[in-house]
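First the structure, in the form of structure tokens, and then the observations on it.
Atoms within a ligand are numbered from 1 in the order they appear, just like the ligands themselves. Numbers here are sequence positions counted from 1.
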Amino acid sequence: MVGGGQLARMTHEAGIPLGIRFKLLSDTPQDSAAQVVGDVVVGDYRDLDTLRAFARGCDVITFDHEHVPTEHLRALEADGIPVRPGPEALVHAQDKGVMRARLEAIGVPCPRHRIVADPADVAAFADELERDGYDAPSGEGGGGRRAGGFPVVLKTVRGGYDGKGVWVVGSAEEAAEPFRAGVPVLAEEKVDFVRELAANVVRSPHGQAVAYPVVESRQVNGVCDTVIAPAPGLDDELALRAEEMALRIAKELGVVGHLAVELFQTRDGRILVNELAMRPHNSGHWSMDGAVTSQFANHVRAVLDLPLGDPRPRAPWTVMVNVLGGDYPDMYSAYLHCMARDPRLKIHMYGKDVKPGRKVGHVNTYGDDLDDVLERARHAAGYLRGTITE
Ligand code: ADP
């Protein structure tokens, strides 16, 4: 696996019972996965020679992030190394412009969008939205339709994560910042969503695929905070449509492994695709304790072209809450209280240094009563972080 973050750490964990030899290319020996994997190469994934040397002797290569240059992946494939997901699929998770164009071509509903070159282009896009009768989201700032088609969401097409590389601008004058980096920018209508959902599926080279129940994903300051499985109150028909859409995207794009399709549920009952991730994903962490087969176990099975495991939930409700770094560098002392309070609680820490706002772990818990499960998960994450003290 290329990339030494927590996703690699948890994928490695899922491969252990299968007796799989796991080799890691990590930026540093201290990275989350590098601490626990036996066979670690420290090197730069942007360097083709490093990648080639790493890949020698591997049966298959997969990733914990989407940043390996597409041309390097093509070179590895040309060397005869199976790359899963392959570059032609992965490019849709690397480049939001490519992703939007392809989804549009296969008829998947997305926010209205356009690649823009400068603030004048953004103004032209906003005009177009206004002409089409764009109802800007209600909420802060008054609501209803706004003058000139704003606000507009601007995104760098490559390299963004956790809300970095995303701007919401209220006018063309505010739109200078995203163009400073000199990379292409995607403009999107600001969707009036009631909540964010994720449809997670896994597909193998054989074309076998499984769909996890659609989950609700709640963000705080652009970072995933809470995931509820399944999404509460989601209409059966809408849930089925979202699962089918994710399975179709996986098939049309030739995805191998785990695919997370991040969705907006709109006020008028539609679902629109926000973005794609082709690797295990934060919206699937609940499955480690809440599903018969976790996203990590199924990702491993898929990249090895083994039959996939049952994705169904084990309890009526499972809630995942991320543990972000808080004021206390040592979270271990909180284990006693958390474990004693909730015997169903599962703590997953990533071995990362605690820095404010950084994802350092997550908790999962489950049960029959959603309010109770949510309260237990939030309490544990807050207590570990130090924002709750009793
Ligand atoms: P990242 O690559 O950082 O995950 P996303 O495209 O997922 O970027 O955007 C981050 C967050 O910004 C989303 O989870 C959502 O809350 C908000 N967002 C993104 N695009 C839109 C949009 N078109 N309309 C409204 N909100 C959006």
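In this structure, CZ in Arg112 is found 9.5 Å from CG in Leu272, a value given to the nearest 0.5 Å.
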What donor-acceptor contacts under 3.5 angstrom involve side-chain atoms of residues 254-266, with partners at least two apart or in another chain?
unit_1 : atom_1 : unit_2 : atom_2 : d
His258 : ND1    : Arg279 : O      : 3.0
His258 : NE2    : Gln295 : OE1    : 3.3
Glu262 : OE2    : His281 : NE2    : 3.0
Gln265 : OE1    : Arg195 : NE     : 2.7
Gln265 : OE1    : Arg195 : NH2    : 3.3
Thr266 : OG1    : Asp268 : OD1    : 2.4
Thr266 : OG1    : Arg270 : N      : 2.9
Thr266 : OG1    : Arg270 : O      : 3.4

Does Asp372 form a salt bridge (charged side-chain N to carboxylate O under 4.0 Å, His left out) with Arg376? I'd like the steps, not just the answer. CA-CA 6 Å; Asp372 170 62; Arg376 284 189 279 122; 3.1 Å; yes

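Each of Thr62, Leu253, Val303 was compared with Pro85 under the side chain to side chain contact (heavy atoms under 4.5 Å, CB included) criterion, and only Thr62 meets it.
For residues 175-184, the set of pairs meeting the side chain to side chain donor-acceptor pair (under 3.5 Å) definition, not counting sequence neighbours, comprises Glu177-Arg180.
Around ligand 1, the residues contributing at least one heavy atom under 4.0 Å from the ligand are Lys96, Val153, Lys155, Gly160, Tyr161, Asp162, Gly163, Lys164, Val166, Glu188, Glu189, Lys190, Val191, Phe193, Glu196, Glu262, Phe264, Asn274, Glu275.
Partners of Asp369 by salt bridge (charged side-chain N to carboxylate O under 4.0 Å, His left out), not counting sequence neighbours: none found.
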